[in-house]
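Read the structure below first, then the notes.
Excluded from the calculations below are hydrogen atoms, water molecules and symmetry mates; all remaining heavy atoms, backbone and side chain alike, are included.
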Amino acid sequence: MPIILSGQYQASVNIIYGLISFFIEVMILTMIFCWSRKSSGSVIPAIILHTTHNLVDQSYLQPLSTNANVPYLSGEQGIITIIVGTLMVIVLWLVEVKE
C-alpha cells in the first residue's frame, strides 16, 4: 500500500481506487490461499497459487494494461480480476459447505 500511495505502483490508476481494489484483491486471494492450505494440510498449494497468480498477472495481464482504462479492468487492481476472484471464493465456500 505505501508503494501505491507513493505513485510507484500502477501509477495510471487513481490512488483511491487503487488502494480499495488492491485491498479487496488481497482479501480475496487470502481466502483462496487459506482454503488451499486448510484443504491440503500443506503450504505448498498456497505457494503454487501465489506464484501462478503473480506469473499470470505480471506476464499476461500487466502487458494488457497499456491503454488508459485497461488497468481498471484487468491486472492486480482490475474489476474483472476482483469479480473472478470473488466467484472463485463463492465456489470454494459452496464446496466447503457441502462437505
Check: S59 side chain, V56 main-chain N or O, donor-acceptor pair, under 3.5 Å: no
Considering only distance and modelled atom types, tabulate donor-acceptor pairs under 3.5 Å from the side chains of residues 22-35, sequence neighbours left out.
{"residue": "T30", "atom": "OG1", "partner": "V26", "partner atom": "O", "Å": "2.7"}
{"residue": "W35", "atom": "NE1", "partner": "S39", "partner atom": "OG", "Å": "3.4"}
{"residue": "W35", "atom": "NE1", "partner": "E96", "partner atom": "OE1", "Å": "3.0"}

Pairing residues for T86 by the side-chain hydrogen bond (donor to acceptor under 3.5 Å, both in side chains) criterion, not counting sequence neighbours: none
Exceeds 12 heavy-atom contacts within 6.0 angstrom, atom CD1 of I47: yes
Single-linkage hydrophobic cluster, 4.5 Å side-chain cutoff, V97 and I90 together: yes
Residue pair I82 / S21, side-chain heavy-atom distance below 4.5 Å: yes
Pairs involving residues 80-99, ordered by first then second residue, that meet ring pair (Phe, Tyr, Trp, His ring centres under 6.0 Å) (sequence neighbours left out): none
Qualifying residues under side-chain contact (heavy atoms from CB on, under 4.5 Å), relative to I48, sequence neighbours excluded: I44, T52
Which atom of P45 lies closest to which atom of S40, heavy atoms considered: CG-OG, 3.3 Å
Straight-line distance of N54 CG to H50 NE2, nearest 0.5 Å: 4.0 Å
Common cluster, V84/V95, ILVMFWY with side-chain heavy-atom separation under 4.5 Å: no
Spatial distance of atom CG (N14) from atom CD1 (I20) [nearest 0.5 Å]: 8.5 Å
Cluster check I83, L49: I/L/V/M/F/W/Y, side chain < 4.5 angstrom: yes
Remaining members of the apolar cluster that contains L55, side-chain heavy atoms under 4.5 Å: none
